[in-house]
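Quick notes on the structure that follows.
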Amino acid sequence: DSELPTSSAMEDYETRAKNAEEQLAELKLQLQSLEGLVAAQASAPTAAEASPAETEAAVSTGPNAFKKSAKEKSKGQAFVLKTPKGMRDYGPEQMFIRNFTFETIVDVFRKHGAVTIETPVMELKATLTGKYGEDSKLIYEMADQGGECLALRYDLTVPFARYVAQNNVKFIKRYHIARVYRRDNPKMESGRYREFYQCDFDIAGEYSGKMFPDAECIKIVADVLDKLDLGRYVVKVNTRKLLDGVFAVCGVPEDKFRAISSAVDKLDKAPWSEVKTEMVEVKGLDPAIADKIGEYVQYRGGEGEPFTQTNAELVATLEANAELCANPLAKEGIADMKLLLEYCDIMNITDKVSFDLSLARGLDYYTGVIYEAVFMGQAVGSVAGGGRYDELVGMFHKKGKRTPCVGVSLGIERLFTLIEAKRKREQQPAQTRDTQVLIASGEGLIKERVQVATVLWDAGIRAETSYKNKSKLLTEFQTAEDNLIPCVIIVGSGEWAEGKVKVRAVADRAEEDVPVADLASYLGAKLAA
């Protein structure tokens with residue numbers, strides 16, 4: 001028989017076990033701190049783009065942050081309170097404008113029969129990588145989380161394709177408005193951020209009406225930009241098929257198509273000479289081939305200034321090019337563009353569209369028609385972009401099933417930059433809320449005011465009243481004018497005894513006594529007029 005351990009031996013065993021557990025817990029904490037430090041270093045800006053303030057702030061993010069913070073305080077150094085680089089706060093006035101913009105966009109999406117979905121802000125790293133070409137370096141990668149390598153979503157299109165494949169969706173017309181993240185070099189003044197909203201509309205599934213869904217996406221962009229009324233714009237259109245056909249005719253090796261396409265995509269930001277230099281010196285393209293590409297990417301059509309030929313005339317010019325039409329891909333691309341422009345004409349948006357062979361769109365997943373909206377004479381870049389991506393869902397489907405998809409994404413930050421500039425230029429009054437009625441009294445009467453407010457709230461009328469027991473009427477009138485509140489209800493003891501209140505129209509200052517019993521119906525009709 002084995003001998004039972006003594007009580008002292010048992011105590012010694014328990015002590016050693018407890019010490020081992022404490023050491024293990026300490027090691028786990030050190031490992032978590034190390035993982036946090038590695039993640040912070042991986043997502044930190046490079047030395048070239050980091051400001052001195054950011055470099056100094058990075059010191060306080062490691063595992064010894066609390067110790068270093070205490071040392072800094074002892075030296076009298078102030079903590080820098082700021083938002084992360086490329087991100088910003090939005091106050092009430094700005095959020096009022098943003099919400100109006102979101103509502104305008106959603107109204108257009110729903111008018112076209114779209115439903116909405118939601119996907120996680122993080123995806124598996126493998127879901128995102130290899131889908132964005134040279135822009136893949138802008139993906140925000142996260143530290144290993146319990147055995148999963150994650151990344152913040154770069155756009156809403158790839159997560160949507162994953163959703164369609166994972167849920168075996170047959171057909172869906174969906175919109176999605178959410179934040180996306182890009183480790184880009186931000187330019188806040190022109191609407192380029194690291195955290196920003198995208199507003200996406202996509203059509204996924206089988207359909208026989210070729211180019212109709214593509215044209216509808218362009219129509220949606222036009223509807224939104226017309227409603228926002230921010231100036232003259234143009235929606236540039238092209239097709240990857242035609243672009244690849246041009247590359248083939250010019251002699252570009254097929255394995256360089258995407259790299260050269262990425263260079264062409266920079267023509268809206270850089271002159272041809274710089275783009276050609278990149279093609280030749282960075283991409284390794286023969287200068288003679290680059291020159292041939294340069295001849296084609298000068299072609300563009302449109303209505304009015306600054307275009308020298310219409311879209312239809314450009315199509316005819318390309319159809320007459322025997323060398324180009326000898327390439328099957330280019331020929332199919334020209335036919336697609338011709339049909340697309342016919343649908344645009346049916347939808348009354350021909351004057352908003354420009355057939356532009358310099359449009360390339362740098363993302364790898366596009367397979368057909370591509371488009372991009374820009375405001376003429378505005379230095380904010382594109383405000384919308386998209387195209388056809390028929391192969392993306394198949395990358396995620398377990399059987400590689402091909403699902404036709406086309407969509408468009410509106411850049412809310414750049415639109416918001418333009419809206420802010422317009423309001424400032426036109427000196428539009430600031431507005432932070434959409435209250436319809438302000439309830440006031442020069443005599444206090446706070447319980448009576450709350451009673452009136454409750455009647456209006458229950459009737460669906462947006463109303464508010466001061467939390468003060470008593471405030472001056474003139475101050476309340478000024479509050480209504482400053483906040484564009486159309487009506488003021490004045491609660492006076494004399495009128496209240498008769499079951500009435502006085503309704504004042506802020507615009508013309510006309511006043512009228514109204515029974516409290518009829519107040520909701522009276523205001524409903526007045527506000528609707």
Side-chain angles (χ1 to χ4, degrees), residues 90-113 115-116 177 223-224 226-229 419 422-423 426-529:
Y90 295 93
E93 181 183 345
Q94 294 161 326
M95 284 306 302
F96 186 90
I97 301 170
R98 287 172 71 83
N99 287 335
F100 164 77
T101 308
F102 284 136
E103 290 166 5
T104 300
I105 293 171
V106 168
D107 181 62
V108 173
F109 288 165
R110 295 178 66 183
K111 183 175 68 176
H112 286 260
V115 297
T116 190
I177 297 178
D223 284 352
V224 170
D226 284 345
K227 281 180 173 289
L228 294 178
D229 191 24
I419 293 170
K422 179 185 177 183
R423 291 176 68 89
E426 297 178 356
Q427 297 183 330
Q428 295 182 19
Q431 188 171 2
T432 59
R433 53 189 191 251
D434 54 357
T435 302
Q436 296 171 301
V437 178
L438 180 66
I439 305 161
S441 175
E443 304 173 51
L445 302 177
I446 188 168
K447 292 181 179 179
E448 290 80 357
R449 286 188 281 122
V450 172
Q451 186 175 336
V452 173
T454 302
V455 169
L456 300 185
W457 292 334
D458 291 347
I461 295 172
R462 297 188 295 275
E464 62 176 291
T465 189
S466 173
Y467 294 114
K468 295 180 179 179
N469 284 324
K470 188 175 182 180
S471 60
K472 296 180 180 178
L473 271 181
L474 288 178
T475 301
E476 298 289 351
F477 293 159
Q478 190 61 50
T479 297
E481 289 187 15
D482 291 344
N483 291 279
L484 307 181
I485 301 173
C487 292
V488 176
I489 291 178
I490 305 168
V491 181
S493 55
E495 292 89 345
W496 187 259
E498 299 175 4
K500 297 179 180 181
V501 292
K502 195 178 294 293
V503 177
R504 177 186 174 96
V506 174
D508 59 9
R509 302 182 180 181
E511 297 181 350
E512 184 176 354
D513 288 346
V514 178
V516 174
D518 301 333
L519 188 57
S521 58
Y522 172 86
L523 285 172
K526 189 176 184 66
L527 293 169

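Listed by chain and number, the residues in a side chain to side chain donor-acceptor pair (under 3.5 Å) with R110 amount to none (sequence neighbours excluded). In this view, Q427 satisfies the side chain to side chain donor-acceptor pair (under 3.5 Å) rule with no residue, not counting sequence neighbours. By the salt bridge (Lys or Arg N to Asp or Glu O under 4.0 Å) test, D434 pairs with R462, sequence neighbours left out. Checked against side chain to side chain donor-acceptor pair (under 3.5 Å), T479 has no partners two or more places apart in sequence or in another chain.
To the nearest 0.5 Å, atoms CZ (F477) and CG (D482) are separated by 13.5 Å. Once rounded to the nearest 0.5 Å, the distance linking CD of Q431 with CD1 of I97 reads 9.5 Å. Distance check, rounded to the nearest 0.5 Å: CD1 of I489 to CG of L456 gives 4.5 Å. To the nearest 0.5 Å, atom CD1 of residue I439 and atom CD1 of residue I490 are 12.0 Å apart. Rounding to the nearest 0.5 Å gives a distance of 10.5 Å between OG of S493 and CD of E498. A distance of 10.5 Å separates CG of D223 from CZ of F109, quoted to the nearest 0.5 Å.
At least one side-chain heavy atom of L519 sits less than 4.5 Å from a side-chain heavy atom of V501. Residues E464 and L438 are in side-chain contact: their nearest non-hydrogen atoms beyond the backbone lie under 4.5 Å apart. In this structure the side chain of E476 never reaches within 4.5 angstrom of the side chain of K468, judged on heavy atoms.
When all heavy atoms of D513 and E495 are compared, the pair lying nearest together is OD1-CG, 4.3 Å. Scanning both residues, V506 and C487, for their nearest heavy atoms gives CG2-N, 4.0 Å. Here the shortest heavy-atom pairing between V488 and A480 reads CG2-CB, 3.6 Å. Shown here for I461 and L527, the closest heavy-atom pair between the two residues is CG2-CD1, 4.1 Å.
Judged by distance alone, the side chain of D508 and the main-chain N or O of A510 form a donor-acceptor pair under 3.5 Å. Between the side chain of K526 and the backbone N or O of A505 there is no donor-acceptor pair closer than 3.5 Å.
The list of side chain to side chain donor-acceptor pair (under 3.5 Å) pairs with a residue in residues 99-109, not counting sequence neighbours, is empty. Within the structure, side chain to side chain donor-acceptor pair (under 3.5 Å) pairs that include any residue of residues 447-458 comprise R449-T465 (at least two apart or interchain).
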